[in-house]
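Report on one structure; see the data block that follows.
The sequence lines fix the lettering, A, B, ..., with proteins before strands; numbering per chain opens at 1.
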Amino acid sequence: MSRYDPASIEPKWQQAWEQAGTFVATRDQDKPKYYVLEMFPYPSGRIHIGHVRNYTMGDVIARYKLATGHNVLHPMGFDAFGMPAENAAMASGGHPKDWTYSNIDTMVEQMKPLGFGLDWTRMFATCDPEYYGQQQALFIDMLSEGLVYRKNAVVNWDPVDMTVLANEQVIDGCGWRSGAAVERKELTQWFFKISDMSGELLDALDGLDEWPAKVKTMQANWIGRSRGLQFAFSTVDAPEDFDRIDVYTTRPDTLMGASFVGLSPDHPLTRALEQDNPELAAAVAEMRKGGTTEEALEKAEKLGFDTGIRVRHPFDTAWELPVYIANFILMDYGTGAIFGCPAHDQRDLDFARKYDLEVRTVFVPAMGEEGTFITPEDGGPAYVPAKQETVRYLRGFAGQEAQTGEAAVDAAVDFCEENGVGQGVTKYRLRDWGLSRQRYWGCPIPVVHCDQCGVVPEKKENLPIELPDDVSFDIPGNPLDRHPTWRDCDCPSCGAPAKRETDTMDTFVDSSWYFARFTAPRAVTPTDKADAEYWMNVDQYIGGIEHAILHLLYSRFFARAMIKTGHLPASAAEPFNALFTQGMVTHAIYLSEELDKPIEETKPGRTPPMLRKIYHYPEDVIEFNYDGRPVAIRRVDVKGAANLEELREVYELDQADARAIEVIPSAKMSKSKNNVVDPMSIIATYGADTARWFVLSDSPPERDVEWTASGAEAASKHLTRVYRIASEIAAGDVPETREDPALLKETHKAIQDITLGVEAFGFNAAIAKLYGFTNALSKSRAGSETKRFAAKTLAQLMSPMTPHLSEEIWQLLGGEGLIANAPWPVADAAMLVEDTVTLPIQVNGKRRGEIDVPTDMPKEEVEKLVLAHEAVVRALDGGQPKKLIVVPGRIVNVVV
RNA sequence: GCCCGCGUGGUGGAAUGGUAGACACAGGAGACUUAAAAUCUCUAGGCCUUAGUGCCGUGCCGGUUCGAAUCCGGCCGCGGGCACCA
């Protein structure tokens with residue numbers, strides 16, 4: 001009998017699928033279509049075990065849907081524009097294009113041996129001119145629909161390198177290369193008008209039944225609809241044209257607690273004051289230092305500057321409030337100006353205390369806490385209860401004295417509207433999407449700047465506007481900007497000499513419509529109508545939770561924009577019917593701190609040896625327990641230690657030499673920590689099916705999974721066992737003994753469990769059931785026909801996860817055709833019925849015994865049996881039960 | 001700082017509000033073998049001068065319930081996101 005040999009089995013079946021065109025998708029109106037998509041990878045150079053997990057999950061769904069009679073579309077491509085390619089070019093010469101395409105080649109080569117049921121004929125990379133040319137066409141259509149516009153926005157500016165920095169290139173407020181303090185600088189940039197759709201994008205979340213609730217919550221908070229009051233303070237001693245300052249507040253009920261007005265450093269009034277007040281200008285310049293991220297702004301020390309201007313309180317013109325410029329106020333949200341109510345906002349309170357401003361408590365807890373409550377005026381923290389909580393107003397002006405924040409806000413808005421102070425408005429936190437990037441390796445924005453005509457879209461027949469190849473990355477900045485000829489062109493409108501836009505698009509644009517392009521990847525328009533109508537929507541989308549907000553929100557916006565521009569059917573407004581977010585694959589980090597040179601080499605006057613951190617590769621160490629915690633030693637240091645005791649001795653010696661390796665468990669895989677597990681070595685050692693089986697087993701798919709060598713080995717052992725069991729059955733080595741009705745039942749139970757498991761993304765639980773079923777099959781003394789049926793069913797149930805092994809077993813057992821095409825087994829409902837059930841008996845919620853009863857026994861009879869049970873009799877001690885709860889088929893609880 | 005998650009044996013984890021620890025890994029004991037590997041069988045949350053029909057136990061504290069890993073409130077820890085990483 002032959003051994004399980006993945007190295008020979010796997011290429012054989014991959015070839016068979018390719019020859020049969022098993023996974024090539026073509027439109028077929030007779031079958032229900034199913035579009036399964038995993039978030040496409042960035043071509044970093046090598047596939048990562050996290051990719052293997054992500055694509056295996058998608059593949060399980062794809063193969064399962066194929067077996068259940070669907071016409072499946074399961075494509076793959078690459079999200080290929082972006083900074084790493086430029087960084088590589090800067091670091092080691094070369095060209096981003098060469099680097100990217102060579103990485104793509106490598107990754108495709110690494111993915112193919114994994115046997116994913118992908119339609120490779122549809123593959124593309126977003127850096128293919130064929131793709132980004134269509135993206136440019138889309139952009140032009142969006143421009144003419146009014147979905148794109150230009151405005152000023154701030155960027156991270158490195159004043160030394162004279163270049164724009166990405167947020168990740170700003171480290172502790174300084175440029176990553178120059179180390180210079182980063183400033184916020186305004187540039188004219190392109191924007192998508194996503195904010196026009198804020199309400200629609202928010203409301204439509206309700207219809208996404210098959211999306212995780214957490215993703216919908218995150219998106220809803222991100223869009224951030226708020227109902228508030230917009231009103232104006234009239235100013236005293238302000239420059240011309242600034243006789244009023246518009247503010248927006250979500251808490252108009254706290255107006256009587258106002259103690260100052262805050263302006264954003266980017267507010268028009270701030271800019272006006274800057275002109276002739278050097279002291280103020282210097283303070284504002286200080287506030288503009290640091291990065292642009294919300295996190296940086298929030299964490300920055302709260303700075304203010306008193307403008308000297310005063311405003312009149314809308315309810316009492318004699319009451320004047322100071323106007324401060326404050327660095328924590330965002331120009332993009334509301335009106336860029338707020339009123340501060342220190343008593344009910346911790347940030348305002350910190351600010352008020354710093355600048356010695358008034359604190360006026362507006363409301364206090366409604367009841368109970370009189371004795372313990374310290375008002376903010378008396379040094380307590382800001383009082384910020386939930387809006388649903390009822391509070392008592394000391395300085396209310398509308399509504400009841402005791403009311404919820406919500407009711408008070410509504411009453412305040414009504415009051416203000418009636419008295420002409422302001423009006424209730426709905427605002428969104430969501431800002432327009434800035435898509436301009438001052439970088440080379442991205443999709444060129446297809447517009448031309450003409451002295452006569454202004455900003456003009458490129459003609460579609462001139463697309464794609466291709467990136468020039470002759471560029472260099474030896475100096476910072478955008479190579480397109482300094483290219484001698486690429487910018488020169490004729491105005492598409494008047495024909496006069498003009499200049500191209502040198503900004504390229506945010507890579508989120510590339511990934512916001514690739515799912516639509518996959519339906520017709522070679523079409524000469526962005527999409528093909530018939531294909532888009534047939535294949536959209538994506539039935540199941542799978543990807544990382546890190547994309548919960550931006551990528552998914554942008555894609556939802558793009559789908560709507562593509563409907564408006566005629567590139568998608570109206571039914572595709574929500575492009576992803578179901579979403580699944582999977583966890584990361586983590587791995588322990590092996591860390592030691594070693595002297596950078598031997599002590600004996602130390603000479604007087606020389607630098608003494610320093611401890612430095614060394615990260616070891618997983619394959620270079622042996623891990624074991626020492627003193628109750630996991631530690632490791634280098635394989636080269638084992639010195640013939642044959643058992644645990646000797647390994648521990650070596651570890652102790654290493655500790656003395658400061659060479660002992662600490663194990664830091666479950667860390668995100670990272671190249672710099674050397675804890676990246678290369679899937680290719682796993683495949684080389686165990687085969688693709690083992691890798692696939694392992695990444696699905698043990699951990700729930702939405703949670704992170706720790707890669708362990710022992711886990712991979714266990715997976716491999718199990719597949720070997722399945723192969724051996726199946727071969728024995730195929731070879732007729734099974735003794736013809738008695739019938740075993742239990743095995744037939746187990747088989748149908750397994751069909752039921754695994755089918756439900758796959759449908760619900762419970763892959764780890766499904767695999768646990770497959771272990772159980774395998775054990776049942778192995779132990780069963782059933783006759784060969786029943787065993788053969790069970791083994792064939794096992795192969796089918798495993799086939800989405802371990803497709804190569806399953807094909808091999810299917811063939812051994814005389815299955816017809818490819819298992820990939822065999823119809824998914826259906827459980828016989830009659831086989832799933834159990835005759836008896838074991839009911840645990842609880843007394844006061846604690847388990848005290850159990851009884852076996854027929855499944856259909858009436859409640860009354862169960863009660864009689866329970867009351868007769870010795871544990872219950874003893875607990876009752878002759879008395880009557882207070883309560884008797886019988887949950888049919890589940891449990892019995894006696895309350896005494 | 002703000003938003004969203006997660007936390008169960010030595011380890012990964014299972015459990016429609018209903019027997020906590022399924023299924024595995026590592027460990028222990030045994031069988032087979034000249035031996036090893038492979039394979040198979042059994043064992044396995046913690047506690048105890050009472051070994052039981054016992055007590056404790058799902059990050060911590062409290063609540064709802066006949067019954068809570070699961071629901072609610074507060075706290076601690078870890079992770080994801082925060083609009084130019086993808």
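Atom CD1 in A:Ile891 sits about 7 Å away from atom P in B:rA20, given to the nearest Å. Regarding A:Leu550, its CG atom lies at a distance of 16 Å from the P atom of B:rG80, rounded to whole Å. Straight-line distance from the CE atom of A:Met505 to the P atom of B:rC85: 18 Å, rounded to whole Å. In this structure, the NE2 atom of A:His547 is 10 Å from the P atom of B:rA86, given to the nearest Å. Atom CD1 of A:Ile545 is separated from atom P of B:rC78 by 20 Å (rounded to the nearest Å). Rounded to whole Å, atom C1' of B:rG18 lies 15 Å from atom NZ of A:Lys846. Distance CD1 (A:Ile223) to P (B:rC82): 16 Å, rounded to an integer number of Å. In this structure, A:Tyr4 atom OH and B:rA38 atom C1' are separated by 17 Å, rounded to whole Å.
As rounded to the nearest Å, B:rC78 and B:rA83 have P atoms that lie 23 Å from one another. To the nearest whole angstrom, the two P atoms, one in B:rC60 and one in B:rC56, are 15 Å apart. Comparing B:rG17 with B:rG27, their C1' atoms sit 35 Å apart, to the nearest whole Å. Atom P of B:rU65 sits at a distance of 28 Å from the matching atom of B:rC76, rounded to the whole Å.
Under a cutoff of 6.0 Å and an axis angle of 45°, A:Arg429 and A:Trp222 form a cation-pi pair.
Take A:Val887 and apply the side chain to side chain contact (heavy atoms under 4.5 Å, CB included) test, not counting sequence neighbours, and it matches A:Ile885, A:Arg890, A:Ile891. In this structure, the side chain to side chain contact (heavy atoms under 4.5 Å, CB included) partners of A:Arg347, at least two apart in sequence or on a different chain, are A:Glu298, A:Lys302, A:Phe328, A:Asp345. Partners of A:Pro700 according to the side chain to side chain contact (heavy atoms under 4.5 Å, CB included) rule, which considers only residues two or more places apart in sequence or in another chain, are A:Glu702, A:Arg703, A:Asn764. Among residues two or more places apart in sequence or in another chain, the ring-ring contact (aromatic ring centres under 6.0 Å, His included) test is passed with A:Phe78 by none. Under the rule for a side-chain hydrogen bond (donor to acceptor under 3.5 Å, both in side chains), the partners of A:Glu759 that lie at least two apart in sequence or sit in another chain are A:Tyr64. By the side chain to side chain contact (heavy atoms under 4.5 Å, CB included) test, A:Ser555 pairs with A:Ser512, A:Phe515, A:His551, A:Phe576, sequence neighbours left out.
With hydrogens and angles ignored, the 3.5 Å screen pairs a side-chain donor or acceptor of A:Arg184 with a backbone N or O of A:Met287. With hydrogens and angles ignored, the 3.5 Å screen pairs no side-chain donor or acceptor of A:His344 with any backbone N or O of A:Val384.
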Quiz item: Going 5' to 3' along nucleotides 68-73 of chain B, which nucleotides have protein heavy atoms under 4.0 Å from the base (write B), which only from the sugar-phosphate (write S), and which from neither (write -)?
Solution: ------
Quiz item: Which letter, B, S or -, goes with each nucleotide of nucleotides 1-9 of chain B from 5' to 3', with contact meaning a protein heavy atom under 4.0 Å?
Solution: B-SSS-S--
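Closest approach to the A:Phe508 side chain among B:rA20, B:rA83, B:rA86 is made by B:rA86 (side chain taken as heavy atoms from C-beta onward). Among B:rC84, B:rA86, B:rC66, the nucleotide with an atom closest to any side-chain atom of A:Ile885 is B:rC66. Here the side chain of A:Ala768 is nearest to one of B:rC23, B:rG18, B:rC85, namely B:rC23.
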Side chains of residues 163-177 of chain A: which donor-acceptor pairs under 3.5 Å do they make with residues two or more places apart or in other chains?
residue	atom	partner	partner atom	Å
A:Asn167	OD1	A:Asn156	ND2	2.8
A:Asn167	OD1	A:Thr292	OG1	3.3
A:Gln169	OE1	A:Ala166	N	2.8

Report, one line per pair, each donor and acceptor closer than 3.5 Å where one atom sits in a side chain of residues 191-198 of chain A; sequence neighbours left out.
residue	atom	partner	partner atom	Å
A:Ser195	OG	A:Asp432	OD1	2.8
A:Ser195	OG	A:Asp432	OD2	3.3
A:Ser198	OG	A:Ser195	O	2.7

Check: residues 82-90 of chain A side-chain donor-acceptor pairs under 3.5 Å, at least two apart:
residue	atom	partner	partner atom	Å
A:Glu86	OE2	A:Tyr440	N	2.9
A:Glu86	OE2	A:Trp441	N	2.6

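Looking only at atom types and distance, the side chain of A:Asn478 has no donor-acceptor partner in the side chain of A:Gln438 under 3.5 Å away.
Toward the 5' end of RNA chain B, the nearer of the two residues A:Phe81 and A:Arg721, judged by each one's closest nucleotide, is A:Arg721. Closest-nucleotide positions on RNA chain B for A:Leu187 and A:Asn775 were compared, and the one nearer the 5' end corresponds to A:Asn775.
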Exercise. Determine which bases of RNA chain B form Watson-Crick or G-U wobble pairs with both distances under 3.5 Å, and write the result as a 5' to 3' dot-bracket string with | for other-strand partners.
Key: (((((((..(((.....[....))).(((((.......))))).((((...).)))..(((((..]....))))))))))))....
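By the rule that a glycosidic angle within 90° of 0 means syn, B:rG9 counts as syn.
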